[in-house]
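Just below is one structure, and these are the notes that go with it.
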Amino acid sequence: QVKLVESGGGSVQSGGSLRLSCAAYTNTSSSYCMGWFRQAPGKEREGVAVIDFDGSTKYADSVKGRFTIAHANAKNTMYLQMNSLTPDDTAMYYCAADRYRCTLINGSPSMVYKDYTSWGQGTQVTVSS
């Protein structure tokens, strides 16, 4: 069992920045594949960025060059730095994790939400124009 605790999020004007953090609490010594997904009202949940236990990453095309996902100092913690935010980034953001290595698709960490077994409660990001 793993518990994901998210922090960060909030409201910001277009062009601003936010940082989301997620920590995976577990009673095992396993490493985890971790990522961020988002869901806007009336839309499907979509992958934003994921990071494998070895640091390999994958980003959605819509956030490349603006968002950065990275491991934090503590094991099984990571953050998502979001810059140049636009109203299209407004959504509930969810931290997700899967034990051990990410499922790979074409050699890259999966951004399919069904490949992730643990989820945080979500944190709202609202970007106003």
Side-chain angles (χ1 to χ4, degrees):
Q1 290 285 350
V2 59
K3 180 179 180 181
L4 302 178
V5 178
E6 301 145 331
S7 61
S11 297
V12 66
Q13 289 190 329
S14 183
S17 299
L18 287 172
R19 174 176 286 203
L20 307 181
S21 297
C22 179
Y25 293 94
T26 175
N27 58 0
T28 74
S29 60
S30 301
S31 295
Y32 285 80
C33 160
M34 300 180 74
W36 289 97
F37 290 73
R38 67 187 181 187
Q39 188 166 19
K43 294 186 177 181
E44 293 187 352
R45 188 169 297 191
E46 63 174 355
V48 176
V50 298
I51 184 166
D52 211 340
F53 76 97
D54 62 358
S56 58
T57 59
K58 185 170 176 66
Y59 296 89
D61 288 343
S62 59
V63 307
K64 283 181 181 177
R66 301 188 298 123
F67 291 11
T68 301
I69 189 170
H71 286 129
N73 290 333
K75 186 178 180 180
N76 292 331
T77 61
M78 59 88 174
Y79 64 86
L80 181 70
Q81 178 66 41
M82 305 184 293
N83 298 328
S84 301
L85 286 161
T86 75
D88 287 341
D89 296 314
T90 295
M92 185 70 77
Y93 283 69
Y94 296 91
C95 176
D98 195 38
R99 196 172 178 183
Y100 304 126
R101 187 170 188 177
C102 292
T103 298
L104 298 181
I105 298 178
N106 295 325
S108 296
S110 170
M111 294 185 70
V112 177
Y113 75 89
K114 293 181 180 180
D115 289 331
Y116 291 79
T117 55
S118 299
W119 292 85
Q121 292 188 327
T123 184
Q124 179 68 36
V125 171
T126 302
V127 184
S128 58
S129 57

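- Under the 4.5 Å side-chain criterion, counting only non-hydrogen atoms from C-beta, Val112 is not in contact with Thr103.
- Val63 has its side chain within reach of Arg38: a pair of non-hydrogen atoms, C-beta onward, lies under 4.5 Å apart.
- Within the 4.5 Å cutoff, the side chain of Tyr113 has no heavy atoms near those of the Gln39 side chain.
- Using a 4.5 Å heavy-atom cutoff, the side chains of Ser56 and Pro109 are in contact.
- For the atom pair Thr123 OG1 and Leu18 CG, the distance stands at 9.0 Å (nearest 0.5 Å).
- Within the 4.5 Å cutoff, no side-chain heavy atoms of Cys102 are placed close to those of Phe53.
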task = I would like to know whether Met78 and Trp36 meet side-chain contact (heavy atoms from CB on, under 4.5 Å); could you show each step before the answer?
result = CA-CA 10 Å; Met78 59 88 174; Trp36 289 97; 3.0 Å; yes

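- Within the 4.5 Å cutoff, the side chain of Tyr25 has no heavy atoms near those of the Asn76 side chain.
- Side-chain contact between Asp52 and Leu104 is present, with heavy atoms from C-beta onward closer than 4.5 Å.
- Separating the SG atom in Cys33 from the CD1 atom in Ile51 is a distance of 9.5 Å, to the nearest 0.5 Å.
- A 4.5 Å side-chain heavy-atom check between Asp89 and Met82 finds every atom pair outside the cut-off.
- How far OG of Ser31 is from NZ of Lys75: 4.0 Å, rounded to the nearest 0.5 Å.
- Here Thr28 contributes atom OG1 and Arg99 contributes atom CZ; the two are 4.5 Å apart, rounded to the nearest 0.5 Å.
- No option in Tyr32, Tyr94, Phe37 other than Phe37 meets the side chain to side chain contact (heavy atoms under 4.5 Å, CB included) test with Tyr116.
- Between Ser108 and Lys58, the shortest heavy-atom contact is CB-CD, 3.8 Å.
- Remark: the backbone N or O of Gly122 is paired with a side-chain donor or acceptor of Glu6 at under 3.5 angstrom.
- Checked by atom type and distance alone, the side chain of Thr90 pairs as donor or acceptor with a backbone atom of Val127 at under 3.5 Å.
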message = Show, in sequence, the C-alpha distance, side-chain angles and deciding distance for Thr86 and Asp88, and conclude whether the side chain to side chain donor-acceptor pair (under 3.5 Å) test is met.
response = CA-CA 5 Å; Thr86 75; Asp88 287 341; 4.5 Å; no

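- With values rounded to the nearest 0.5 angstrom, Leu4 atom CG is found 5.5 Å from Ser118 atom OG.
- Under a hydrophobic clustering in which Ile, Leu, Val, Met, Phe, Trp and Tyr are joined whenever their side-chain heavy atoms come within less than 4.5 Å, directly or via other members, Ile69 and Tyr79 fall into different clusters.
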